Amino acid sequence: MSGVYARNRHLSAHKYFTLALEIRAAITKKVTTKQLPKSYRFVFAVPMAETARSLVMNLVKADAFYPNTARNVDERKRFMTLAIADCNQLLQDLQCLKSLNSNISLSWFETLIQDVDDDIKLIKGARSGVKLIGKG
């Protein structure tokens, strides 16, 4: 055991950010391999890589707003919401890719899909935890 009581254990405050970085790296790696047919690379690879980049960018922007005013709280929540939208867009792209070509096996995307779902849950949890700090 780690010596830390179970009641004192909690998820890192930035687990959603590190997971977003992993998602971006995985998407960039996967969409540029031979596992994705060449005819789909321009249509899917570029937009998916850009969406993954946008996911990370929105989380970086959200972190730039310290929630010491009501406006900063709103801005942080707004950028977290945009990050969730990016995650949903990635899931939609994967669904579209599968529906267009049933020969493509998305088994190599299964862990990616699970990571995106987990990241959505983590970002939603972090977003609901954004509260006004200080006098405001």
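Not measured: the values here are computed from a predicted model. All values below were derived from every heavy atom in this structure, side-chain atoms included, with hydrogens, water molecules and symmetry-related copies excluded.
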Measure the spacing between SG of Cys87 and CG of Leu19 and express it to the nearest 0.5 Å.
-> 8.0 Å
Yes or no on side-chain contact (heavy atoms from CB on, under 4.5 Å) for Leu59 and His14, after CA distance, side-chain angles and deciding distance?
-> CA-CA 10 Å; Leu59 291 176; His14 294 286; over 6 Å; no
Would Phe17 and Val56 count as a side-chain contact (heavy atoms from CB on, under 4.5 Å) if you check the C-alpha gap in whole Å, the side-chain angles of each, and the deciding distance to 0.1 Å?
-> CA-CA 7 Å; Phe17 182 73; Val56 174; 4.1 Å; yes
Taking atom CG of Asn58 and atom CG of Asp63, what is their separation to the nearest 0.5 Å?
-> 12.5 Å
Heavy-atom closest pair, residues Ala26 and Leu112 | CB-CD1, 4.1 Å
If a pair satisfies salt bridge (charged side-chain N to carboxylate O under 4.0 Å, His left out) and one of its residues is in residues 42-55, list it, with sequence neighbours excluded.
-> Glu50-Arg53
Output yes when a side-chain donor or acceptor of Arg24 lies under 3.5 Å from a complementary backbone atom of Ser54, and no otherwise.
-> no
Do Ile23 and Leu90 have side-chain heavy atoms sitting under 4.5 Å apart?
-> yes
Any side-chain heavy-atom pair from Asp74 and Arg71 closer than 4.5 angstrom?
-> no
Qualifying side chain to side chain donor-acceptor pair (under 3.5 Å) pairs, either residue in residues 112-122, two or more places apart = Gln114-Asp118
Which donor-acceptor pairs under 3.5 Å do side chains of residues 123-132 form with protein atoms, sequence neighbours excluded?
from, atom 1, to, atom 2, distance (Å)
Arg127, NH1, Thr81, OG1, 3.0
Ser128, OG, Lys124, O, 3.4
Ser128, OG, Gly125, O, 2.9
Lys131, NZ, Ser128, O, 2.9

Stepwise, does the side-chain hydrogen bond (donor to acceptor under 3.5 Å, both in side chains) test hold for Gln89 with Asp93?
-> CA-CA 6 Å; Gln89 184 60 50; Asp93 287 343; 3.1 Å; yes
Which heavy-atom pair separates Leu100 from Tyr40 by the least distance, and what is that distance?
-> O-OH, 3.8 Å
Leu122 with Phe79, same ILVMFWY side-chain cluster at under 4.5 Å | no
Are Leu82 and Phe65 linked, directly or through other ILVMFWY residues, by side chains that come within less than 4.5 angstrom of each other?
-> yes
Same cluster for Val116 and Ile113 if Ile/Leu/Val/Met/Phe/Trp/Tyr side chains link at under 4.5 Å?
-> yes
Output yes when a side-chain donor or acceptor of Asn72 lies under 3.5 Å from a complementary backbone atom of Pro67, and no otherwise.
-> no
Could you give the distance from CD (Glu22) to CD1 (Ile27), rounded to the nearest 0.5 Å?
-> 12.0 Å
Look up atom CZ in Arg76 and atom OH in Tyr66, then write down how far apart they are to the nearest 0.5 Å.
-> 8.5 Å
Phe42 and Pro47: which non-hydrogen atoms are nearest, and at how many Å?
-> O-CD, 3.6 Å
Any side-chain heavy-atom pair of Met48 and Leu94 under 4.5 Å = yes
Does Thr32 reach the main-chain N or O of Lys29 with its side chain, forming a donor-acceptor pair under 3.5 Å?
-> yes
Val46 and Leu55: same hydrophobic cluster, using ILVMFWY side-chain contacts below 4.5 Å?
-> no
